[in-house]
*Asks:* 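Could you have a look at this structure, given as structure tokens, before my questions?
The model shown is predicted, which means the values in this text are computed figures rather than measured ones.
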Amino acid sequence: MAELSQPTQKLISRYQAWYQSLQPKEGETTIHVDEIASAVAAFYEKIREVVEWREEHLMRRAAIERILKRRLLLFKNGEPLAEPFVLELVRGGHFPNDRIPESKIGEVQKLIDKYIFIMANASVPPREKAKIQLYDWILGIAACEVEETLCPSQRENALIEYMMELMMEGIKVREGVFIVGGLNEEEKNSQIFIAIQRALFKLDPPIITYNLLKRRYPQWRDFTKDNLQLQEIVKNIYSIWDSLAKNLKHPLAERFYKICERYDTPYLLIGDIATANPDNFSEFAEDPVQLEAAMKDAYIIRLGKLKGKMSRAAFYGTLSVFLSKVLIALAAEIPFDKYITHEFNMTALGISVAVPPLLMLLLVTSIKTSSEENFQKVMLEVMRVTYATDKRNVHELTSPKKKGVIMSTVIYAMYLSSFMLSFGSLYLILTSLNFSTLSSIVFLLFVSLITFGGTKIRQRGAELLIGEQKQGFLYSLFDFFTLPLIEVGRWLSHQVARYNILVMLLNFLIEIPFQIFVEFLEHWRSFLKEKKEGVH
């Protein structure tokens with residue numbers, strides 16, 4: 001029988017502890033919300049998900065942050081905030097009904113008090129904009145802690161630590177890698193920690209920052225507002241915020257991420273197998289034949305889920321683009337062309353409405369998710385990771401080749417020319433098809449957003465591919481023309497996220513009265529139930 005590696009044995013014990021934590025405790029009272037009120041609230045949250053779309057696993061944390069901000073805005077000092085806050089989260093379907101212990105409400109109240117104390121006593125920067133950004137950052141961290149309190153991420157943390165332990169040995173930084181001040185061991189490990197979270201679970205900056213904060217201050221979750229260490233942290237909160245932000249924007253962050261992204265598949269599959277078999281994983285993992293069979297099943301299941309995600313992304317992405325383009329055409333393009341420029345062209349309108357969704361469909365449906373060769377590579381890497389062996393892959397992080405002034409000038413000139421060629425050629429094509437100036441601009445912006453969105457979805461589609469993927473001449477030529485579109489699309493997507501008018505309207509005009517109505521509905525049904533039970 002093969003000997004399991006020490007990290008694998010630790011992972012098994014952590015998964016067993018996670019599985020035991022899921023078992024309900026006898027006599028424990030859990031949080032209950034009314035089913036009818038919950039159905040109404042959950043329907044609203046589904047609408048929010050469509051309007052404010054994010055990765056599925058990030059939606060809950062985003063909802064917690066949004067609801068927490070609203071509750072704090074309406075909060076009166078001395079009024080308990082946790083109970084209505086947690087009830088709203090359960091009512092909205094973000095956490096299961098009748099599963100969370102009532103004792104968690106007290107824990108949530110303590111952590112909310114902690115973050116209120118931090119915001120009230122933080123040494124804030126002089127600029128008003130920076131002050132708002134700092135408070136948003138603190139509330140983002142608070143939302144992460146609320147989520148972890150109500151639904152501990154033991155399993156995910158165990159897998160992160162597992163990959164972390166092996167990657168710290170497997171990633172070597174070549175001497176001479178240029179970075180101001182050098183790269184010490186702690187900095188290297190922090191970058192590996194960040195890269196693993198991005199690669200394994202596609203976590204976003206607030207969650208990664210929260211995990212970095214816990215790494216820096218192991219007692220963070222136990223801090224209360226009376227804790228002397230927390231009071232010292234509050235005095236330096238701005239510099240802590242700045243240093244953690246620099247960690248996320250480290251010059252070598254993308255290079256660490258690329259290595260972890262290329263080799264995260266074995267860890268995902270081992271996590272899947274351990275989740276399905278928390279009690280007897282160690283028994284069959286000691287037999288390579290049984291492990292290989294289980295790994296093949298896990299790979300097929302994950303591949304099926306990935307293809308399902310890609311299909312949904314293709315459908316919803318195409319539908320979203322189509323509806324958005326039709327609305328913009330009706331609201332702006334058609335009136336502008338008909339009544340201002342008098343250049344309305346039905347053919348051009350049809351092309352402008354049809355091409356963007358077709359482009360999105362093409363980008364998403366042409367994704368390569370797996371191959372037989374890739375499966376064999378994954379199989380080999382799982383064996384290397386699981387068992388005690390000296391044959392581990394070493395991934396060397398090297399510095400980019402230094403370029404002289406002339407070479408750098410030529411490269412940037414080519415990059416600038418790619419912008420001019422991409423947008424210039426598209427604009428000329430649109431002009432030849434009798435597109436008006438406004439229609440051409442809207443079309444180019446849509447194509448940029450779609451190219452960026454499609455590229456992100458394609459990257460998710462490569463979740464199971466292991467190692468560096470070969471790219472031929474045609475792919476490089478394609479990059480030359482599409483990279484400008486992707487860059488513009490990325491900038492536009494950030495602006496859309498910041499100034500989403502529909503989200504603002506939902507937050508300020510609809511959400512508050514709607515939540516008041518839902519709470520009233522729950523209290524009314526509770527009142528009726530009590531009266532009915534009193535009839536004898």
*Asks:* Working note: Cys260 + Arg198, criterion side-chain contact (heavy atoms from CB on, under 4.5 Å); need CA distance, chi angles, decisive distance, verdict.
*Replies:* CA-CA 9 Å; Cys260 293; Arg198 290 177 61 197; over 6 Å; no
*Asks:* If every non-hydrogen atom of Ile118 is compared with every non-hydrogen atom of Ile138, which pair is closest and at what distance?
*Replies:*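 In this case the closest contact between Ile118 and Ile138 is CG2-CD1, 3.9 Å.
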*Asks:* Taking all non-hydrogen atoms of both residues into account, name the closest pair between Leu159 and Tyr267 and its distance.
*Replies:*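 Leu159 and Tyr267 have their closest heavy atoms at CD1-O, 3.4 Å.
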*Asks:* Report yes or no: is the cationic atom of Arg71 (NZ for Lys, CZ for Arg) under 6.0 Å from the centre of the six-membered ring of Phe85, at an angle within 45° of the ring normal?
*Replies:*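 No; the conditions do not both hold, so Arg71 does not lie above the ring face of Phe85.
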*Asks:* Answer yes if the side chains of Tyr257 and Gln191 hold a donor-acceptor pair under 3.5 Å, and no otherwise.
*Replies:*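 No donor-acceptor contact under 3.5 Å links the two side chains.
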*Asks:* How many angstroms lie between atom CD of Glu254 and atom NZ of Lys249, to the nearest 0.5 angstrom?
*Replies:*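 The distance works out to 13.0 Å.
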*Asks:* If I take atom CG from residue Leu433 and atom CZ from residue Phe443, how far apart are they, to the nearest 0.5 angstrom?
*Replies:*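 Going from CG on Leu433 over to CZ on Phe443, the span is 9.0 Å.
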*Asks:* Taking all non-hydrogen atoms of both residues, which atom of Ile141 and which atom of Pro206 are closest, and how far apart?
*Replies:*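 Looks like CD1-O, 3.9 Å.
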*Asks:* Measure the spacing between OG of Ser448 and CD1 of Ile486 and express it to the nearest 0.5 Å.
*Replies:*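 Atom-to-atom, Ser448:OG and Ile486:CD1 are 10.0 Å apart.
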*Asks:* State, without any angle test, whether Gln376 and Glu372 hold a side-chain donor-acceptor pair at a distance under 3.5 Å.
*Replies:*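 Per modelled atom types, Gln376 and Glu372 side chains form a pair under 3.5 Å.
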*Asks:* Looking only at heavy atoms, what is the nearest atom pair of Ile237 and Ala122, with distance?
*Replies:*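 Result for this residue pair: CG2-CB, 3.5 Å.
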*Asks:* Side chains of Arg216 and Ser243: do they bring a donor and an acceptor to under 3.5 Å?
*Replies:*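 Yes, because at least one side-chain N or O of Arg216 sits under 3.5 Å from a partner of the opposite role on Ser243.
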*Asks:* May I ask you to decide whether Asp136 forms a salt bridge with Lys69, counting only side-chain N to carboxylate O separations under 4.0 Å?
*Replies:*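 A salt bridge is present here (some side-chain N lies under 4.0 Å from a carboxylate O).
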*Asks:* Do the charged groups of Arg490 and Glu487 touch, with an N to O distance under 4.0 Å?
*Replies:*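 Salt bridge between Arg490 and Glu487, a charged N being under 4.0 Å from a carboxylate O: yes.
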*Asks:* Could you report the tightest heavy-atom contact between Arg215 and Ser190, atom names first, then the distance?
*Replies:*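 Shortest heavy-atom contact: NE-OG, 4.5 Å.
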*Asks:* Strictly by modelled atom types, are Glu147 and His94 linked by a side-chain donor-acceptor pair under 3.5 Å?
*Replies:*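 The criterion, which ignores hydrogens and geometry beyond distance, is not satisfied for His94 and Glu147.
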*Asks:* Looking only at heavy atoms, what is the nearest atom pair of Phe95 and Cys151, with distance?
*Replies:*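 Smallest heavy-atom distance, with atoms named: CE2-CB, 3.8 Å.
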*Asks:* Should Glu148 and Lys214 count as an ion pair when the cut-off is N to O under 4.0 Å?
*Replies:*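 Lys214 and Glu148: salt-bridged.
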